[in-house]
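Numbers for residues simply follow the sequence, beginning at 1. Remember, it's 1-based here, ligands and their atoms both numbered in the order they're listed.
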Amino acid sequence: MLRPRLCIGMSLAPTWLSGEGWRAEDSGIEGLYSSDFALTIARRAEAAHLDFAFRPDASFLPVEVLEQSFGFSSLDPTLMMAALTRETSRIGLVTTISTTFGHPYTAARQMMSLHWLSQGRSGWNVVTALQGNENFGLRDMPASDDRYDRAEEFTRVVQRLWQSFPDEALLVDRASGRYADTDLILPIDHHGNDFSVKGPLNIPRFPGPRPALMQAGGSPRGIDFAAQMADMVFGLSADRTSALTQRKALTDRARAHGRDPAEVRFLPGLSLYLGATRAEARALFMDTHARVTRPQRIERVQAATGLDLADWAPDRPITPADLPRDTPRTGQYARLLQLIDSEAPTLAQLLDCPETLASFHWQVIGTVDDAVAEITDWFRAGAIDGFIAVPGGSWQSFELTLSELVPRLAEAGLFRQAYSADTLMGHLQEDSPGPARAAGRM
Ligand SMILES: Cc1cc2nc3c(=O)[nH]c(=O)nc-3n(C[C@H](O)[C@H](O)[C@H](O)COP(=O)(O)O)c2cc1C
């Protein structure tokens, strides 16, 4: 069931400005809270024919982080996407709305509004969120299962609201004076555990493919939820084995829910520190993480290895024999453990290498060639259907992603050379083998 082409999104969260990245002369950080900032990125991503631009989001602010970086401070993602609608014409625009803190009527209205404004290019990243309860009158964060129960009900209500005012109901008949056929505009009369919503929605359905749905979350319950309703999954896979495992779990759960697994595209985040040489990319990565303290680094190595390193001499090598038996070699610390297996670095070396500081996302620190090779390998292995690019380190790393990496993937036949559709579901289905095409309409 190999897909002919990759699906590629670009994160508008300015990951290339995080760490020390914002301090570079040309970072453009002063524009962070302007629409021009996001627009520049979205236009560049559209010129590279990407499927979508995407804004993750959080509804809380860890203030201490702001001493050193912009942290989670950002414009509201849905308003930001609305500002991009008239300035772009083909690229999908995926916003994030939390089902734990929001209300389905508001979300249905915002998403259908974004869909009309963008003429069919909107997408909704459905998140259950990890923090932020104190901003919404909740003493504690609800348990994961409760959040997913609410997310399932929330999403079903949104989907029903989108259908409650069908576009066919619009008559706009000047001669007869009939604006709409009200027999077709029906309440949904939903009474569930978390919501009571009468409906109908106060915006007609967009006459074309529906908004695309993305899900972010990787627990078995999260995967099951995605397998029921998502067109895309924003995943967290630091290594190929974990990606294969998640892709397989999605396939199994999609089949169990009677869906074609190809309809659920698995797109891990891909952190890209790109340079003209590997040494340059590595230096960019290390410079970006210069202010990560020694205790923070030690904590990371301890978490990965299960070793208490408090009394270790800096020149003491860490060898595979030091690791507790059955330390798993896959997951978020895969690269660090692979380094211990292959090179037995000293503690000092380990504290000063990219593997220790690496993102929990899939990460390539290297040249464009390295990135092309790894993406091709994961894609051909059936571990991914595409990725969401989260370039890191510098504006140049962002530029290399769009001006060199994506064109190289297109030249290799792994990505489109030009858009053939005008809507986000259209872009997604262009690459779907078989029956997934029928699913675009509500
Ligand atoms: C790759 C990834 C991206 C996420 N992005 C967001 C986000 O932008 N906003 C948010 O509130 N939560 C985000 N989450 C949190 C999830 O919505 C979810 O609450 C969390 O992962 C717990 O669910 P899980 O146990 O199924 O992973 C993200 C999770 C993952 C794995």
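Residues passing the side chain to side chain contact (heavy atoms under 4.5 Å, CB included) test with Leu138, sequence neighbours excluded: Phe101, Asn133, Pro142. With sequence neighbours excluded, the residues satisfying side chain to side chain contact (heavy atoms under 4.5 Å, CB included) with Gln119 are Trp116, Phe206. Take Asp352 and apply the side chain to side chain contact (heavy atoms under 4.5 Å, CB included) test, not counting sequence neighbours, and it matches Met286, Arg297.
At a threshold of 4.5 Å between non-hydrogen side-chain atoms, the residues Val158 and Trp124 count as touching.
Aromatic rings of His361 and Phe234 (six-membered ring for Trp) have centroids within the 6.0 Å cut-off, being under it.
Near ligand 1, heavy-atom contacts under 4.0 Å come from Pro56, Asp57, Val127, Thr128, Ala129, Leu130, Arg147, Tyr148, Ala216, Gly217, Gly218, Ser219, Gly222, Phe234, Gly235.
Counting only N and O atoms by type, the side chains of Arg121 and Thr88 include a donor and acceptor under 3.5 Å apart.
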